[in-house]
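Heads up, the thing below is written out as structure tokens.
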Amino acid sequence: MRAIVFLGMFLCCLPALTAQSNLLDKTVSFSWDSIPISQFLDSLSSKYQFSFSYDASIVPGDSMIYAEEDSVVLGGWLKQMLGDEELNIHQLESQVIISEEPAKIAPGAIHVQGVVIDSLDETPMGMVNVGVIGKTIGTATNRSGQFSLYVPHSYAGEKLVVSNLGYLREQIEIPSRDTMVQVELRETSVRLPEVLVRHVEPMNLMQEVVRRKRANYASDPLILTAFFRESIQQDEQYVDVSEAVIEIYKPPYTSEFALERVRFVKGRKGEFTGDMEIIDFKLQGGPFLFSRVDIVRQGGFLPNQEGNSKYQYSFEGMDYDHGRNVFVIGFEPRNDDGELLYEGEIRIDEETLAIVGANFEMTRRTIRKSREYLIRRDSRRFRTKPIFAKYRIDYRPWGDKWVLNSVRGEVSMKIADRKKNVRTEFNTVSEMLITDLREGNRKEFRWSESFKANYILSEEIESYDPEFWSRYNIISPDESIREIFNGKASGNAE
């Protein structure tokens, strides 16, 4: 018998999922001469013990319909009845959700593909930001330095900007047709004026960051469209890869106690000829948890309003990001007593004093105690030892504000089977990239359709349309992941 381990990439401790049959694939029959749409959906809810969730602007609940069918597939019939084949109708547990798919690529969009390399040694550069100046659309390079970005045709002549920490950014004029480019980034060094060095006091700087938070970040709610990918490797072999497009409700940064909500749009998962050995290892709550990894909103690494902090700060010099000079501030716990604590670096824009990024990881003492933070459930037969938990987050400029751009988390752990004396190592990577944003409000996200902390992404994905990914901006899969989705790999990593 194999044990099951649930790994919460950021403190997940809720029950496991319960499987549900798919109502949308059911063949159903009904007969209504004249009935409001809302009452018709209520009748289906009562009959099949499923509830419907929808936006009233999309589904006119008071409209009268004639509904008389014998043996039709419900999902297809609903789209036909509502007169919109582009609606996104999907199921989460016992909820059927009707919504519009966000951020689709319009017909005639310009497709810009390319690779980003270091100008010195010509090596590919991963996780480089690629976006349109002054616009909300963006993406990032994969591990092979490759990127793919669709932009509206009206953006022809605008500037595509490519930027990475410690490098001079490059700008490319967007052509009027599909194109492929190679971008070389040159490393830069930033010399801090001597007069400024004498006046950089880290704690005062961090307190000023807190004071300017309202000016530097959105004071209105936003809807973020994001691409999310999570992968699991067992002993350097891929055993699970899942990808999804999600929408995130991001509360105003002035609303400290409001929480993000996540809506799953659509996704795909890899096909593997093999299976996990020894143990079933699952990631729980990925999109939900990563939507809340926002160090500016959470404030855990920052001083409070009274100027107190559980962390001590150090000035580590200057760097260059998004075409701007940034302070690099190191932080570590004042007292590493083994509670959930981190250490790392925070990057602060020199001009606005906004946090533009951070790299951090669990401290050594936290890692030694981290089973209670990271592991949801395992068996006494197995000994689980976390090795590290590392995270990276960055923001990008949007007008005179800064918005969340990407979050990446990596957790590694060793698991030993005491009975069979067999050891295995799991490495998980989750990455979330914001590809577009718009103003919106929480009413668009019903609780019933929101991704929950106990959801497992791979179990929410049932099938996918092969053409789906051509209609969204995503992080291009590198070769090893591409082979998995093309069915050409057995799970071997590069």
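- Closest approach of Ser458 and Asp240 over heavy atoms only: OG-OD2, 3.7 Å.
- Ring geometry for Tyr391 versus Phe360: interplanar angle under 30°, hence parallel rather than tilted (30 to 60°).
- Taking the ring axis of Tyr249 as reference, the NZ or CZ atom of Arg261 does not stay both within 45° of it and closer than 6.0 Å to the ring centre.
- Between Pro221 and Pro251, the closest side-chain pair of non-hydrogen atoms is not below 4.5 Å.
- A donor-acceptor pair under 3.5 Å links the side-chain atoms of Arg396 to the main chain of Thr136, judged by distance alone.
- Between Ile110 and Pro152, the closest heavy-atom pair is CD1-O, 4.2 Å.
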message: With side chain to side chain contact (heavy atoms under 4.5 Å, CB included) as the criterion, how do Ile367 and Ile387 come out once you've worked through the C-alpha distance, each side chain's angles and the decisive distance to 0.1 Å?
response: CA-CA 7 Å; Ile367 279 292; Ile387 306 302; over 6 Å; no
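- The heavy-atom pair separating Leu457 from Phe264 by the smallest distance is CD1-CE1, 3.8 Å.
- Identified under the side-chain hydrogen bond (donor to acceptor under 3.5 Å, both in side chains) test for residues 202-215, with sequence neighbours left out: Glu208-Arg211, Glu208-Arg212.
- Between the OG atom in Ser476 and the CZ atom in Phe227 there is a gap of 8.5 Å [rounded to 0.5 Å].
- Within a 6.0 Å sphere centred on NZ of Lys385, other residues, nucleotides and ligands contribute 12 heavy atoms or fewer.
- The shortest side-chain heavy-atom distance between Val326 and Val356 falls under the 4.5 Å cut-off.
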task: Could you check Gln312 against Ser314 for side chain to side chain donor-acceptor pair (under 3.5 Å), going step by step and ending with a plain yes or no?
output: CA-CA 7 Å; Gln312 57 187 8; Ser314 59; over 6 Å; no
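- Side-chain atoms of Tyr313 and Pro303, non-hydrogen and from C-beta on, do get closer than 4.5 Å to each other.
- Note that NZ of Lys310 is 10.5 Å distant from OH of Tyr342, once rounded to the nearest 0.5 Å.
- For the atom pair Leu404 CG and Met432 CE, the distance stands at 5.0 Å (nearest 0.5 Å).
- Put simply, the side chain of Met362 does not reach to within 4.5 Å of the side chain of Phe388, judged on heavy atoms.
- Ion pairing between a basic and an acidic side chain is recognised when a charged N comes within 4.0 Å of a carboxylate O; Arg268 and Glu243 show such pairing.
- Across every non-hydrogen atom of Thr352 and Asn216, the tightest pair is O-ND2, 3.0 Å.
- The CE atom of Met127 sits 10.0 Å away from the CG atom of Asn142 when rounded to the nearest 0.5 Å.
- Between atom OH of residue Tyr395 and atom CD1 of residue Ile295 there is a gap of 5.0 Å, rounded to the nearest 0.5 Å.
- Using a distance-only test at 3.5 Å, with no hydrogens or angles considered, no donor-acceptor pair links the side chain of Thr225 to the main chain of Leu437.
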message: Assess the residue pair Phe147 and Val128 against the criterion (side chain to side chain contact (heavy atoms under 4.5 Å, CB included)); give the C-alpha distance rounded to whole Å, side-chain angles, the decisive distance to 0.1 Å, and a yes or no.
response: CA-CA 9 Å; Phe147 72 90; Val128 174; over 6 Å; no
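- Applying the side-chain hydrogen bond (donor to acceptor under 3.5 Å, both in side chains) criterion to Asn129, with sequence neighbours excluded, gives Asp394, Asn405.
- Side-chain atoms of Ser119 come within 3.5 Å of backbone N or O of Leu185 as a donor-acceptor pair.
- The shortest side-chain heavy-atom distance between Phe290 and Val262 does not fall under the 4.5 Å cut-off.
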task: Applying side chain to side chain contact (heavy atoms under 4.5 Å, CB included), run through Asp349 and His322 and close with a yes or a no.
output: CA-CA 9 Å; Asp349 179 55; His322 295 290; over 6 Å; no
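- At least one donor-acceptor pair closer than 3.5 Å links the side chain of Arg297 to the backbone N or O of Ala258.
- Residues Phe426 and Val411 have side chains not in contact (no heavy-atom distance under 4.5 Å, counting atoms from C-beta outward).
- In this structure, Thr141 and Gly145 approach most closely via the heavy-atom pair CG2-O, 3.6 Å.
- The side-chain heavy atoms of Met206 and Ser309, taken from C-beta on, include no pair separated by under 4.5 Å.
- With 3.5 Å as the limit, one finds a donor-acceptor pair spanning the side chains of Glu425 and Ser412.
- Here side-chain hydrogen bond (donor to acceptor under 3.5 Å, both in side chains) pairs that include residues 175-185, with residues two or more places apart or in two chains, number zero.
- Contact annotation: the side chain of Asp294 never approaches that of Val407 to less than 4.5 Å [non-hydrogen atoms, C-beta and beyond].
- Ala140 and Leu433 get closest at one heavy-atom pair: N-CD2, 3.5 Å.
- Using modelled atom types and a 3.5 Å distance limit, the side chains of Asn427 and Glu410 yield a donor-acceptor pair.
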message: With side chain to side chain contact (heavy atoms under 4.5 Å, CB included) as the criterion, how do Arg408 and Val429 come out once you've worked through the C-alpha distance, each side chain's angles and the decisive distance to 0.1 Å?
response: CA-CA 7 Å; Arg408 188 180 192 274; Val429 175; 3.5 Å; yes
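- A salt bridge is absent between Asp319 and Arg347; no separation between the charged side-chain nitrogens and carboxylate oxygens falls under 4.0 Å.
- Ile474 CD1 to Tyr150 OH: the interatomic distance, rounded to the nearest 0.5 Å, is 8.5 Å.
- Sparse packing is recorded around CZ of Arg364, with 12 or fewer heavy atoms of other residues, nucleotides or ligands lying under 6.0 Å away.
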